[in-house]
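We use all heavy atoms of the structure for the numbers below, so side chains are in, but hydrogens, waters and symmetry mates are not. Each residue takes its place number in the sequence, starting with 1.
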Amino acid sequence: MIRHPDIRFAATIAARSARVAGVLLVTAAMVTASSFAQNVPVPKPAPKGRDGGASPGGPAVTGATQTPPNPVIPDPRRNVPSSIFQTFDANQKAQAAKVSAYLSSLSTLVGNFVQVGPDGSKTQGDFYIQKPGKVRFEYDAPSPIDIVADGSSLVVRDRKLATQDVYPLSQTPLRFLLSDRIDLMKDTNVVGVSADDVFVSVTIEEKQALVGTSRLLLMFGAKDGQLKQWTVTDPQGYDTTIAVYNLDSSKKLDPGMFKIDFTNYGPAPG
């Protein structure tokens, strides 16, 4: 069967957009099943800045070196359609304001992460954030995947194949975490705010014409207010959860960490 070029092009764009949504998942949709099939390694200390330095002042590490957490997997039945007349009470608005203030206060953040993919398998690695717009995720071996954003573009790199997919950062959900300043209630489509003794949770919904609806669930510690994990639900309903730990917001990072290499890594085939 011959497909019309416009239909084929739209399908290609839709497929790539779905993969972009997976980037915040931190690449569940883009990492192959074989890269997920690995055991969580022995815990290690929080990563250090490449120059070994630390910025003066600022908050220190959030605690002693921690073992990898067990990510809290949200109930998959939670993703019911949101009401166009969604309203929030004063307490919910206050919780969202605290989260916004916390995210806006960060300039750098480094730590470790554990990722649980849609199939339940785990992988682990290190991440480095320098706001605005810069991030690096390094997956532990045997996964060959790195993710790098330089402030305008984001690449998902396969070191083994020496290829990378390039996306505008503005089209990925990562922009919510990498914004210099953010007011969740004004700058995003918040569809849920909840709090208990353990977590404060904020759910953001995005609708894209060619792809569908995806959701981002951010979870913060109810006591310390720190980022604990996030879950992205892609338009097909698959969840990927990232739990972060050994967080340090005092590191001074080498800007070269966020440079995108367009010389040694070519575009991904197809």
Side-chain angles (χ1 to χ4, degrees), residues 8-38 41 44 46-55 106-113 115 117 123-180 208 210-211 232 234 240 242 244 248 251-270:
R8 186 165 60 249
F9 175 76
T12 300
I13 294 298
R16 287 186 174 272
S17 297
R19 296 174 73 192
V20 171
V23 166
L24 172 57
L25 323 180
V26 189
T27 73
M30 313 190 89
V31 182
T32 62
S34 62
S35 15
F36 280 123
Q38 55 182 290
K44 54 189 175 182
K48 297 180 179 180
R50 295 297 174 90
D51 61 359
S55 58
L106 297 174
S107 57
T108 62
L109 188 67
V110 304
N112 308 124
F113 69 86
Q115 173 176 304
T123 189
Q124 183 167 311
D126 307 326
F127 74 92
Y128 309 79
I129 290 174
Q130 183 174 325
K131 296 166 60 177
K134 297 178 181 178
V135 70
R136 183 182 185 95
F137 287 93
E138 297 178 348
Y139 284 79
D140 289 344
S143 172
I145 299 299
D146 287 335
I147 302 173
V148 181
D150 64 0
S152 59
S153 297
L154 181 143
V155 299
V156 180
R157 176 184 299 157
D158 189 314
R159 298 187 305 274
K160 183 177 181 180
L161 299 178
T163 60
Q164 61 188 3
D165 284 309
V166 184
Y167 306 97
L169 180 61
S170 61
Q171 294 182 12
T172 72
L174 273 173
R175 69 184 186 276
F176 298 135
L177 292 179
L178 302 181
S179 296
D180 192 22
Q208 300 182 33
L210 288 176
V211 181
V232 169
D234 70 16
T240 299
I242 307 295
V244 295
D248 190 334
K251 295 293 183 181
K252 182 179 179 182
L253 301 179
D254 179 0
M257 296 178 63
F258 309 104
K259 183 178 180 181
I260 294 177
D261 183 354
F262 291 103
T263 302
N264 296 316
Y265 292 90

State which residues pass side chain to side chain donor-acceptor pair (under 3.5 Å) with Asp261; sequence neighbours excluded, sorted by chain then number.
-> Asn264

Of all heavy-atom pairs between Arg159 and Asp146, which one has the smallest distance, and what is that distance?
-> NH1-OD1, 2.7 Å

CG of Asp165 to CG of Leu154: how many Å apart, nearest 0.5 Å?
-> 10.0 Å

Side chain to side chain contact (heavy atoms under 4.5 Å, CB included) with Lys160: which residues, sequence neighbours excluded?
-> Pro144, Asp158

Any Phe127 side-chain heavy atom under 4.5 Å of Val244 side chain = yes

Counterpart residues, side chain to side chain contact (heavy atoms under 4.5 Å, CB included), relative to Ser107 (two or more places apart) | none

Rounded to the nearest 0.5 Å, how far does CD of Gln164 lie from CD1 of Ile147?
-> 12.0 Å

Which atom names give the shortest non-hydrogen contact between Ala149 and Gly133, and what distance separates them?
-> CB-O, 3.6 Å

Heavy atoms only: give me the nearest Phe262-Val166 pair and the separation to one decimal.
-> CE2-CG2, 4.0 Å

Donor-acceptor under 3.5 Å (Arg136 side chain, Asp150 main chain) = no

Heavy-atom pair with the smallest gap, counting every atom of Ile242 and Phe113 | CG2-CB, 3.9 Å

Locate the shortest heavy-atom distance separating Val148 from Met257; write the atom from each residue and the value.
-> CG1-O, 4.0 Å

At their closest point, which heavy atom of Gly125 faces which heavy atom of Asp140, and how far apart are they?
-> CA-OD1, 3.7 Å

Which value, rounded to the nearest 0.5 Å, describes the distance between Thr108 atom OG1 and Lys252 atom NZ?
-> 11.5 Å

To the nearest 0.5 Å, what is the distance between CG (Asp234) and OG1 (Thr240)?
-> 7.0 Å

Side-chain contact, heavy-atom cut-off 4.5 Å: Val156 with Ile145?
-> yes

Ignoring hydrogens and geometry, is there a side-chain-to-backbone donor-acceptor pair from Lys131 to Leu106 under 3.5 Å?
-> yes

Lys134 side chain near Tyr128 side chain, heavy-atom distance below 4.5 Å | no

Find the distance between CD (Gln130) and CG (Leu178) and round it off to the nearest 0.5 Å.
-> 11.0 Å

Would you say the side-chain atoms of Thr172 pair up with the backbone N or O of Leu169, donor to acceptor, closer than 3.5 Å?
-> yes

